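Predicted, not measured: the structure shown is a model, and the values here were computed from it.
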Amino acid sequence: MKLHSDNTQQYQTVTGVDASGVEINAQRFDYSLTLLPEVPPRPWPVTDFDQLTAAHFDELALDAPDVVILGTGARQRFVHPRLVTSLSSRHIGVESMDNGAACRTYNVLMGEGRKVTLALILERTA
């Protein structure tokens with residue numbers, strides 16, 4: 001699926017997503033990553049939803065976003081509240097959704113000028 005945005009070219013914009021990867025500013029990535037509007041994509045060491053730990057969310061809290069959009073893979077899954085304590089204690093929202101919805105939501109929030117983090121899990125297939 002291709003995603004396009006007209007007025008956000010100075011920012012990190014998701015320009016495409018499919019089951020095997022994500023395209024950011026027309027550059028393809030095939031591994032889990034985090035993304036903020038003004039920060040280039042960074043690898044995120046999560047290859048499976050079931051691997052998520054509180055430490056992964058502690059890392060996201062360091063950027064102090066307004067909200068974290070968690071892309072949980074091909075389907076929407078919800079994290080246990082104890083894993084996101086470092087975010088909720090700082091009043092940082094967390095929204096879980098499938099990767100396609102997560103990328104679209106990130107683009108909308110980024111386009112509105114929100115400080116949003118996209119944390120995208122791209123699961124490895126054998």
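- Taking a 4.5 Å side-chain heavy-atom cut-off between Ile, Leu, Val, Met, Phe, Trp and Tyr, the cluster of Leu36 extends to Val39.
- Looking at residues two or more places apart in sequence or on another chain, you find no side-chain hydrogen bond (donor to acceptor under 3.5 Å, both in side chains) involving Arg90.
- Listed here is the closest heavy atom pair of Leu122 and Ser32: N-OG, 2.9 Å.
- Every pair passing salt bridge (charged side-chain N to carboxylate O under 4.0 Å, His left out) that includes a residue from residues 51-71 is listed here, sequence neighbours excluded: Arg42-Asp63, Asp66-Arg114.
- Residues forming a side-chain contact (heavy atoms from CB on, under 4.5 Å) with Thr53 (at least two apart in sequence, or on another chain): Ala55, His56.
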Test side chain to side chain contact (heavy atoms under 4.5 Å, CB included) on Asn25 and Gln12; report intermediate values, then the result. CA-CA 6 Å; Asn25 293 349; Gln12 304 299 317; 3.5 Å; yes

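- The minimum heavy-atom distance linking Pro45 with Gln51 is given by the pair O-OE1, 4.3 Å.
- With sequence neighbours excluded, the residues forming a side-chain contact (heavy atoms from CB on, under 4.5 Å) with Phe78 are Gln76, Ser96, listed by chain and number.
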Carefully, step by step, assess Leu120 and Asn99 under the rule side chain to side chain contact (heavy atoms under 4.5 Å, CB included). CA-CA 7 Å; Leu120 199 62; Asn99 284 354; 3.2 Å; yes

When you look at Ile69 and Met97, which way does the side chain to side chain contact (heavy atoms under 4.5 Å, CB included) test go after all the steps? CA-CA 8 Å; Ile69 305 300; Met97 50 194 78; 4.1 Å; yes

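- Other residues sharing the hydrophobic cluster of Val84, ordered by chain and number and joined by side-chain separations under 4.5 Å: Trp44, Val46, Phe49, Leu52, Phe57, Leu60, Val68, Leu70, Val79, Leu83, Leu87, Ile92, Val94, Ile121.
- Checking Ser20 against Arg28 by side-chain atom types alone, a donor-acceptor pair falls below 3.5 Å.
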